[in-house]
Trainee: 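Below you'll find the structure I mean.
Small disclaimer: the values here were computed from a predicted structure and weren't measured. We name chains A, B, ... by the order of the sequence lines, and we start the count at 1 in each one.
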Amino acid sequence: MGKYVEMVRIRFLMMLAYRTNYYTGILIYAINIAAYYFLWSAIYGGKSSMQGMSLGQMTTYVAISWLARAFYFNNLDREIAMEIRDGKVAVELIRPYSYLGMKAVQGLGEGLFRLFFLSLPGLLVVSLFLPLQFPGHAKTWLSFGLSLLFSFIIFSELNLLAGVVTFFTFRNEGLLRAKRFIIDLFSGLILPLSFYPDWAQRAMMYFPFQAISYIPSMIITESFKGAAVRDGLLLQATWCIVLLFPIGWLWRAAKKRLVVQGG
Amino acid sequence: MNAIEVERLRKEFKVHASRSGLVGAFRDLWTRRYTIVRAVDDISFAVKQGEIVGYIGENGAGKSTTIKMLTGILTPTSGRIVVNGMNPHKEREKFVRTIGVVFGQRSQLWWDIAVQESFRLLKKVYRVSDEQYRRHMGEVIEMLEIGPLLDKPVRKLSLGQRMRCELAAALIHNPPLLFLDEPTIGLDVLVKLNIRQFLKQLNERYGTTILLTTHDMSDIEALCERVIMLDEGKIIYDGSLERLKERWGQGKRVAFTFAEAVTAAFLRQLTEGLNVVWKKGEQPNVWVAHVPPGGVPEVVSRVAARCALNDIHIHEVPTEEIIRNIYEEGAVHG
Amino acid sequence: MFYVSVFFQYMAQYMKTKLQYRADLFVEWLSDFMAQAVNLVFLLVVFGHTTLLHGWSRDEILFIYGFFLVPYAVFGAFFNLWDFNERYIVQGEMDRVLTRPLNSLFQIVLERMELESLLGAVPGLIIMLYAGSRLSLSFHWYDVFVFILLVIGGVLIYAGIFISLATISFFADARTSIMPMMYNISSYGRYPIDIYHRVIRYILTWVLPFAFVGVYPASYFLDKEEWYGYVFFTPVVGAVCFAVSVMLWNAGVRRYRGTGS
């Protein structure tokens with residue numbers, strides 16, 4: 001366990017080393033959210049609610065979505081793909097830890113850093129001049145925290161999956177890019193899934209993407225209430241477990257391949 | 001006429017000293033501490049046209065920094081540089097057309113395209129006419145024996161093949177001055193020999209001045225009459241390789257292979273008064289005597305008279321060892 | 001003249017390289033387009049719930065979006081500076097660039113060009129045609145030249161901003177994750193500028209003039225006469241933006257040559 005904690009610490013140090021990023025990151029997050037707020041005000045155009053959400057809820061939804069993204073987002077797929085291409089993965093495999101586990105922990109370190117030192121200060125800045133609405137119930141915050149953790153797990157699992165696929169395809173830059181935009185689009189990051197046409201919403205029920213952004217954001221804006229919160233968390237938990245299977249299976253196949261080919 | 005003239009050249013870098021630990025990293029967010037490091041410390045030297053000069057020193061001695069200043073990549077903190085009659089960091093574009101540069105660890109060539117396509121592109125960049133190109137590059141390609149490689153993409157070449165192509169690429173515009181930074185790093189012996197031979201030919205035929213840095217002393221021995229030695233940013237030796245050897249490599253090494261085990265004390269006693277230092281060799285029963293000039297016959301006869309010997313080897317002090325000794329003892333004033 | 005001929009030489013080499021990997025070409029183009037399609041989907045979904053955005057119709061907004069894709073495609077083809085820090089500063093390729101007798105920025109533009117990005121202009125033109133025909137816009141013969149001029153202006157603005165961002169690498173030890181964030185901000189230039197608070201409007205017009213790559217020039221074709229003043233300012237802003245970035249670049253190179261890092 002200690003070595004995994006150490007890895008989180010190292011990532012923290014690495015991120016802190018780049019201080020220009022730190023300052024501009026907060027600024028740009030604030031500009032982004034502000035622009036979204038005005039865009040949505042124009043879209044609402046005086047209407048008090050759309051798809052059951054008020055403008056205040058929508059603004060909070062957007063602000064929180066981007067905040068959450070800073071936490072769950074990582075480039076593990078690219079990192080794995082790069083390490084495979086450069087042949088570094090063979091070295092990683094002889095180290096005394098689980099390669100994929102270590103990768104996930106690195107992602108967690110980065111995510112925690114961005115959450116506490118980029119997103120939260122950014123959110124504070126934004127809340128000074130935008131009407132964000134936060135819930136008063138501790139239970140909502142708790143559910144949100146849990147949901148966010150699931151988001152991170154699911155997003156990382158998808159990244160690990162895409163990274164491991166690289167073992168078999170080698171050049172899949174296009175695939176990784178496509179995956180990223182599908183997630184941006186169908187996770188509910190840029191707009192709540194309830195805005196999509198019914199057929200699209202029904203189709204998305206079968207994919208893990210909404211568990212990444214839509215569910216936590218709906219929880220924190222209290223657009224989900226009571227049973228809906230419970231169902232959302234259950235859905236996330238289910239995906240966390242389900243995704244483990246293809247990863248484990250592909251990883252075993254990949255290792256076998258690595259041994260056969262000699263790296 | 002000098003190809004390179006350097007006077008009191010100095011380069012300082014500001015280095016960010018990071019605090020340790022997580023708390024330290026946070027404090028670095030607000031204030032940073034810097035220290036000034038003098039990578040090149042008031043050096044002066046001149047290189048005549050047509051010379052081949054070896055520029056040597058340990059890692060971090062300031063070799064690369066000097067080369068970068070001479071090629072116009074870095075601007076000096078103070079001092080005067082004249083290379084090919086120009087100031088390298090003024091009129092950069094005009095200046096770099098008169099030099100060739102090879103960084104041993106960095107490619108000049110385009111990875112995915114055939115070697116000759118890279119050449120064609122560089123020919124355009126350096127504004128070399130077709131006529132000039134045919135005449136000059138024809139010879140270079142022949143000397144380096146890279147004719148058969150020209151239509152292969154760089155990524156398919158071995159390191160040795162690539163290095164020869166890199167050299168050719170640096171010579172497209174037939175520069176009168178060539179900078180080589182670790183040109184033989186990682187190459188096998190045959191390729192090294194080929195490259196050295198080529199550089200000699202180039203120097204003889206075109207009078208190309210060559211300044212090279214290397215860690216491989218055999219490069220220096222094969223090519224350079226003159227070496228400049230750098231330590232902690234200062235020149236500690238500038239002169240001929242011969243003189244360096246005379247002053248520092250005086251004496252011989254005599255390796256005895258004894259038929260049976262002997263002790264150091266016994267050997268020391270045997271050669272008492274001859275100022276000989278004995279060291280144990282790497283093989284069993286091998287002892288090496290470091291003998292001052294003129295002492296070899298006496299040492300050999302004394303040892304042979306008392307011990308049964310299987311073999312004797314006499315050789316000069318290797319340059320590697322001379323250099324190492326100099327670094328251990330500090331500056332040379334020669 | 002010399003620079004033009006060097007440009008074509010590089011282009012020829014580029015084609016030869018790319019033809020070796022024909023399959024990738026299609027995949028790259030597809031993923032480029034998908035990146036853009038996210039915005040298109042956003043627009044279409046939002047207009048499933050509303051008819052007007054601050055007085056602008058769906059087709060007008062689509063037209064702006066289509067217009068934007070054209071300068072963006074040209075920018076993407078020639079100014080691939082995403083990994084400038086990684087490739088040229090960290091890996092030290094900048095040293096090699098500085099030993100060649102060509103302007104350093106020009107060399108990097110040539111080395112990193114990705115002509116297939118130009119294909120991204122095709123969906124843009126299609127969207128413009130689609131939206132334009134539904135709006136029954138009228139075109140004049142000289143509009144072609146106005147279009148080209150406005151596109152060039154837009155390209156220079158984008159280039160100017162992203163070159164300036166790349167020069168940060170000369171001054172600070174930053175990994176350029178600012179670039180993707182800036183890319184997000186750039187998308188706000190595609191919506192009618194009058195929906196924003198005046199601070200943001202000011203930023204998008206004078207500080208990070210992304211509005212000149214979307215809504216301002218497109219209003220010319222949409223006959224929004226109240227914006228005409230801004231329309232013809234587009235090439236000027238482009239030229240200024242680019243000139244400033246080149247100055248910053250040169251300052252950055254001077255600094256690089258001072259510190260070597």
Side-chain angles (χ1 to χ4, degrees), chain A residues 14-15 17-47 50-51 66 70 73 75 114 118 129-130 171-186 189-198 200, chain C residues 21 23-42 44-56 165 168-169 171-178 180-185 187-197 199-201 203-204 207-208 210:
Chain A
M14 273 166 64
M15 309 270 306
Y18 298 100
R19 62 170 177 175
T20 328
N21 267 8
Y22 179 76
Y23 297 131
T24 45
I26 294 177
L27 182 73
I28 289 180
Y29 171 80
I31 299 178
N32 249 319
I33 299 305
Y36 260 113
Y37 166 74
F38 292 109
L39 185 56
W40 278 106
S41 316
I43 293 168
Y44 271 71
K47 272 180 258 179
M50 284 172 95
Q51 305 304 107
W66 285 94
F73 186 82
N75 277 319
R114 278 195 296 249
L118 255 152
F129 57 90
L130 288 185
R171 292 182 75 92
N172 63 349
E173 186 66 9
L175 178 91
L176 297 187
R177 261 152 89 175
K179 187 208 81 195
R180 196 159 145 187
F181 296 117
I182 286 172
I183 288 181
D184 276 358
L185 202 54
F186 298 129
L189 172 70
I190 60 165
L191 80 180
L193 295 185
S194 52
F195 276 68
Y196 285 94
D198 290 337
Chain C
Y21 301 109
D24 288 355
L25 216 63
F26 177 71
V27 176
E28 273 172 33
W29 176 76
L30 197 71
S31 61
D32 269 2
F33 182 67
M34 275 182 70
Q36 287 308 317
V38 172
N39 301 297
L40 190 62
V41 172
F42 178 81
L44 294 176
V45 170
V46 161
F47 276 103
H49 298 273
T50 185
T51 47
L52 285 178
L53 198 65
H54 214 275
W56 297 61
L165 283 183
I168 292 176
S169 310
F171 296 96
D173 49 3
R175 283 190 296 186
T176 36
S177 71
I178 303 161
M181 295 198 259
M182 188 58 81
Y183 172 80
N184 268 328
I185 290 190
S187 67
Y188 302 120
R190 272 171 266 159
Y191 300 104
I193 193 83
D194 45 352
I195 66 171
Y196 300 115
H197 186 265
V199 174
I200 293 186
R201 213 183 300 179
I203 292 177
L204 287 176
V207 184
L208 303 166
F210 289 118

Trainee: Taking C/H197 for its side chain and A/F38 for its backbone only, find out whether a donor-acceptor pair lies under 3.5 Å.
Mentor: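 Looks like no, no N/O pair under 3.5 Å.
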Trainee: Where on C/I200 is there a heavy atom nearer than 4.5 Å to chain A: the side chain, the backbone, both, or neither?
Mentor: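 Only the side chain of C/I200 comes within 4.5 Å of chain A.
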Trainee: About how many Å separate CZ of C/F42 and CG of A/D184, when rounded to the nearest 0.5 Å?
Mentor: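 One gets 12.5 Å once the value is rounded to the nearest 0.5 Å.
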Trainee: Test side-chain contact (heavy atoms from CB on, under 4.5 Å) on A/F181 and C/V41; report intermediate values, then the result.
Mentor: CA-CA 11 Å; A/F181 296 117; C/V41 172; over 6 Å; no
Trainee: So, taking the atom named CD1 in A/I43 and the one named CG in C/L52, what distance separates them when rounded to the nearest 0.5 Å?
Mentor: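 Spacing of CD1 (A/I43) from CG (C/L52) equals 12.5 Å.
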Trainee: Could you tell me the separation between the CG atom of C/L44 and the OH atom of A/Y196, rounded to the nearest 0.5 Å?
Mentor: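 Interatomic distance, C/L44 CG to A/Y196 OH, rounded to 0.5 Å: 10.5 Å.
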Trainee: Output the distance between atom CH2 (A/W40) and atom CG (C/L53), rounded to the nearest 0.5 Å.
Mentor: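 A/W40 CH2 to C/L53 CG: 10.0 Å, rounded to 0.5 Å.
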Trainee: Relative to chain A, which segment of C/Y188 carries a heavy atom at a distance below 4.5 Å: side chain, backbone, both, or neither?
Mentor: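 Contact with chain A: side chain only.
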Trainee: Quick one: pull up OG1 in C/T50 and NZ in A/K47 and give me the separation to the nearest 0.5 Å.
Mentor: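 So the OG1 of C/T50 and the NZ of A/K47 are separated by 4.0 Å.
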Trainee: Please report the shortest heavy-atom distance between A/F195 and C/V45, naming the atom on each side.
Mentor: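 Reported closest heavy-atom pair: O-CG1, 3.4 Å.
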